[in-house]
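As structure tokens, the structure follows; a few thoughts come after it.
This is a predicted model, so every value here is computed, not measured. First listed ligand is number 1; within each ligand, the first listed atom is number 1.
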Amino acid sequence: MKNLIAGNWKMNGSMEAALDLAKNIVSGIQENPDLLKNNDFLVCPPYLHLAPVQTELTSAISLGSQDCSPFDKGAYTGDVSAAMLKDMNCDYVILGHSERRQYYRESDMLIKQKATMALEQGLIAIICVGETEQQREQGIEQDVVRTQLIGSIPEGASADTIVIAYEPVWAIGTGKVATVEDIRVMHAFIRNELKDLAKTSNKLRILYGGSVKPSNAAEIFAAENVNGALIGGASLQAHDFLGIADAS
Ligand code: PEP
């Protein structure tokens, strides 16, 4: 399976910066079409930048959102529904990112509700899981991830409808990267857990996320059961984003 190289732009940049970034990614891939041999590409800009960014993308790059509402429509001020995202030509939605779990107290149950909405609209849900530093020190990282997987994966999920992103919280935006052995062990654990939670689990993509850069991407991608990366900081520079793809 091809690696999924997914950029999470978070709440960064102006409209102009978002358009420039999209243009630079498109031209970088056009200049080096070999990047498409091993990779699928996805960018997830802020809501307001989705439509303009989409006008810059080619079919080689999918569009995704960073969140969606757990409700289908109606009086939910500030929410954006999965149907609206689909209407905006999104293919993916990131759900349960640790920043949302931490700052908005999102629970597994809420994430599952959002994922259910996403699947109903034909969006692929990227469900994020991962332990805190304290939980890893306590040796309970697998219990934490198992609970998140069981609680957040919607009914009827399969390799065509969900992607899992393993993102140890302590590695996000910190420059600290999990060791390749830690990543290999956790991805094998997730693959095994998925047998009971999703159809076609052996084909389901498991991304790693947490301070991935061009310089560390090759060894991370070489680990078994790593099927791509969810990239924050390094996705804001086309050169770094594509450098990570080049490493795969
Ligand atoms: C992320 O936000 O999903 C992420 C992995 O961020 P960073 O690459 O900056 O650690």
Side-chain angles (χ1 to χ4, degrees), residues 3-13 17-18 21 25 39-47 49-50 53 61-68 90-104 106 111 114-115 118 124-133 135-136 141 144-145 148-149 152 162-180 182-184 186-187 190 205-221 223 225-248:
N3 278 334
L4 178 63
I5 308 297
N8 174 10
W9 295 0
K10 308 196 184 182
M11 194 174 70
N12 286 300
L21 179 53
I25 293 171
N39 303 297
D40 290 326
F41 288 92
L42 165 67
V43 294
C44 301
Y47 284 134
H49 298 165
L50 284 169
V53 163
I61 308 168
S62 298
L63 186 68
S65 163
Q66 301 169 19
D67 192 24
C68 76
C90 284
D91 296 313
Y92 289 82
V93 56
I94 299 171
L95 296 174
H97 191 281
S98 66
E99 286 150 15
R100 298 210 62 86
R101 290 179 185 264
Q102 184 183 349
Y103 303 133
Y104 302 97
E106 291 200 0
I111 294 158
K114 292 181 176 192
I124 299 173
I126 301 181
I127 298 174
C128 303
V129 296
E131 80 285 358
T132 62
E133 191 157 32
Q135 289 163 334
R136 180 161 280 268
E141 66 274 10
V144 170
V145 167
Q148 291 172 336
L149 291 169
S152 329
I162 65 163
V163 170
I164 300 298
Y166 169 58
E167 301 204 303
V169 178
W170 47 272
I172 297 179
T174 58
K176 291 185 195 171
V177 190
T179 65
V180 174
D182 288 342
I183 296 172
R184 190 193 64 72
M186 184 59 90
H187 279 233
I190 292 172
R205 274 172 165 153
I206 307 173
L207 313 183
Y208 172 75
S211 299
V212 178
K213 303 184 279 273
S215 57
N216 60 22
E219 58 172 0
I220 293 172
F221 289 139
N225 288 308
V226 174
N227 313 118
L230 183 54
I231 306 152
S235 73
L236 297 174
Q237 301 292 336
H239 181 262
D240 289 345
F241 185 60
L242 297 178
I244 290 168
D246 204 22
S248 86

Heavy-atom contacts with [X] under 4.0 Å: which atoms of ligand 1 show up? List them by number with element.
| X | answer |
| --- | --- |
| Asn8 | 2 (O), 3 (O) |
| Lys10 | 1 (C), 2 (O), 6 (O) |
| Gly210 | 5 (C), 10 (O) |
| Ala171 | 10 (O) |

(request) List for me each residue that meets salt bridge (charged side-chain N to carboxylate O under 4.0 Å, His left out) alongside Glu133, sequence neighbours excluded, and say none if there are none. (result) Lys176
Could you tell me the separation between the [atom1] atom of [X] and the [atom2] atom of [Y], rounded to the nearest 0.5 Å?
| X | Y | atom1 | atom2 | result |
| --- | --- | --- | --- | --- |
| Ile172 | Glu167 | CD1 | CD | 4.0 Å |
| Cys128 | Ile164 | SG | CD1 | 8.5 Å |
| Leu207 | Leu230 | CG | CG | 6.5 Å |
| Asp246 | Ile244 | CG | CD1 | 11.0 Å |
| Leu4 | Ile126 | CG | CD1 | 5.5 Å |
| Leu42 | Ile231 | CG | CD1 | 9.5 Å |

Around [atom], find the nearest protein heavy atom and jot down its residue, atom name and distance.
| atom | answer |
| --- | --- |
| atom 5 (C) of ligand 1 | Glu167 OE2, 3.1 Å |
| atom 1 (C) of ligand 1 | His97 NE2, 3.2 Å |
| atom 8 (O) of ligand 1 | Gly232 N, 2.8 Å |

(request) Could you tell me whether Gly233 and ligand 1 have an N or O pair separated by under 3.5 Å? (result) yes
(request) Would you check whether Gly173 has a nitrogen or oxygen atom less than 3.5 angstrom from a nitrogen or oxygen atom of ligand 1? (result) yes
